[in-house]
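When a residue number appears, it is its place in the shown sequence, counting from 1.
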Amino acid sequence: MKIALIIIGDEVLLGQVVDTNATSIARILYKEGLEIYKKWTVADKSDQILLALHEASQDADVLLMTGGLGPTKDDITKKTLADYFEVDLIFSDENKIHLEKMLQIRNMKITPNHLQQCYLPANAILLDNQLGTALGMYIKAHSKMYFSMPGVPYEMEFIMNHGVVPRLRENKQNIQVYHQTIHTIGMGETEIADLIEPKFGELPSYLSLAYLPSQGQVKLRLTGKHESLDFLKEKIETYKEIIKDTLIDNILGFGDTSLEEEIGKLLIKQERTLSTAESCSGGYLAHKIVSVPGASEYFQGSIVAYQYEMKHKLLGVSEEVLAKFGAVSEECVVEMVKGACSELDSNYAIATSGIAGPLGGTEDKPVGTVWIAYGTKDTIKTKKLRFFRDRIRNIEATATFAMILFWKYLKEVK
């Protein structure tokens with residue numbers, strides 16, 4: 001089943017909106033063992049949409065479209081689809097009933113512009129949208145399946161899960177797809193490949209291995225396609241064990257997990273708590289930790305002490321340390337850990353202080369210099385790192401590497 005994706009919207013092409021829909025759709029399809037083979041991103045112009053439809057229809061079995069289904073003049077997807085299939089636009093009472101219901105919830109009255117949403121191509125079937133006014137559409141034509149969804153991400157996801165995926169399942173070939181993801185930490189993809197690929201040899205045709213690198217981490221995704229799901233699971237499990245035995249201490253976890261989630265598991269296992277004391281990361285580290293459901297079981301809180309005065313007042317960093325060594329120093333982050341453990345009553349703490357940039361660097365402490373400390377108030381480890389000149393990347397990298405260091409530390413705690 002070859003699936004094509006057409007993203008419609010001037011705002012995407014202008015960079016005013018990030019295209020998260022393509023990522024969400026790919027993730028939903030991935031769970032079903034399906035993949036997008038090609039994507040078009042086009043403006044809100046009929047000729048561009050028609051061109052994408054003609055090109056995608058050449059060899060795609062399924063065409064997924066998002067955008068252009070609202071009540072404004074630039075929402076031209078329905079009219080363009082009617083032109084493409086050479087059918088009339090007809091008024092849908094079903095669509096009007098849905099529209100009235102959704103607007104009533106919002107204490108709004110229907111306007112003539114709203115009613116424009118009730119027209120659809122004569123060959124279209126409506127797809128329910130419980131989260132918005134714009135219904136999705138399904139058209140079966142030319143031995144292909146066409147789906148049109150609104151561009152609002154959460155509305156699109158609802159229609160994908162409740163309207164699109166069930167129909168794709170009905171038409172899916174009897175080929176089973178099975179995935180296993182191995183999360184690694186502290187190694188680059190080339191280093192990993194040099195270690196594991198000689199042990200693999202040439203993978204059989206029904207298996208593939210992908211390397212998905214990010215800051216300080218690499219995901220390894222084993223994918224299998226075969227008629228027998230049990231056969232796939234057995235074979236992928238064999239290769240997974242080879243990777244596990246080869247990389248050993250660099251294995252973070254398996255499946256749908258994350259660095260912050262694995263830290264949480266270790267803290268729960270140890271029945272211990274964590275807090276953070278942040279300067280250059282500005283609370284981003286705490287944000288990552290509390291993004292895990294149930295983090296309240298082990299996370300006490302965070303103190304974001306950006307100024308010298310706040311480091312002294314809130315965390316007890318001595319004025320002597322700040323005067324002699326500065327905020328971006330090993331001595332400062334050590335005292336920040338002690339202060340966080342004390343003030344927030346936690347067993348462990350992680351502290352960050354650095355120069356996020358793009359200004360503020362010196363010859364001794366250039367932009368991207370970061371000190372990280374972690375441990376208990378009695379036993380503290382530190383690390384000095386040097387990142388980039390980009391402020392946001394530095395903030396994200398600080399939080400990521402602080403968690404990497406702390407995860408390794410927790411793994412060694414007896």
- Task: Apply side chain to side chain contact (heavy atoms under 4.5 Å, CB included) to the pair Met1 and Leu34, showing each step before the final yes or no.
- Result: CA-CA 8 Å; Met1 187 182 291; Leu34 299 169; 4.2 Å; yes
- Minimum side-chain heavy-atom gap Leu51-Trp40 below 4.5 Å: no
- Query: Got Ser302 and Glu278 here, is their nearest side-chain heavy-atom distance under 4.5 Å?
  - Reply: yes
- Query: Salt bridge check: are Glu262 and Lys265 linked by an N-O gap of less than 4.0 Å?
  - Reply: yes
- Message: Strictly below 4.0 Å, N to O, side chains only: are Asp245 and Lys199 in salt-bridge contact?
- Response: no
- Message: Quick one, Leu29 with Leu64, criterion side chain to side chain contact (heavy atoms under 4.5 Å, CB included). Give me CA distance, side-chain angles, the key distance, then yes/no.
- Response: CA-CA 11 Å; Leu29 293 174; Leu64 303 178; 4.1 Å; yes
- Start with the C-alpha gap between Ile125 and Ile139, add the side-chain angles, then the distance that decides, and say whether side chain to side chain contact (heavy atoms under 4.5 Å, CB included) holds. CA-CA 6 Å; Ile125 296 172; Ile139 297 171; over 6 Å; no
- Measure from NZ or CZ of Lys383 to the centre of the six-membered ring of Phe401 and say whether it is under 6.0 Å with the direction within 45° of the ring axis. no
- So, Gln300 side chain and Leu344 main chain: donor-acceptor pair closer than 3.5 Å or not? yes
- Query: Between the main-chain N or O of Tyr284 and the side-chain N or O of Ser281, is there a donor-acceptor pair closer than 3.5 Å?
  - Reply: no
- Given ring pair (Phe, Tyr, Trp, His ring centres under 6.0 Å), test Tyr84 with His54 step by step and report yes or no. CA-CA 9 Å; Tyr84 178 74; His54 282 295; 5.0 Å; yes
- Give the C-alpha distance, both sets of side-chain angles, the deciding distance and a yes or no for side chain to side chain contact (heavy atoms under 4.5 Å, CB included) between Val413 and Leu266. CA-CA 10 Å; Val413 172; Leu266 290 172; over 6 Å; no
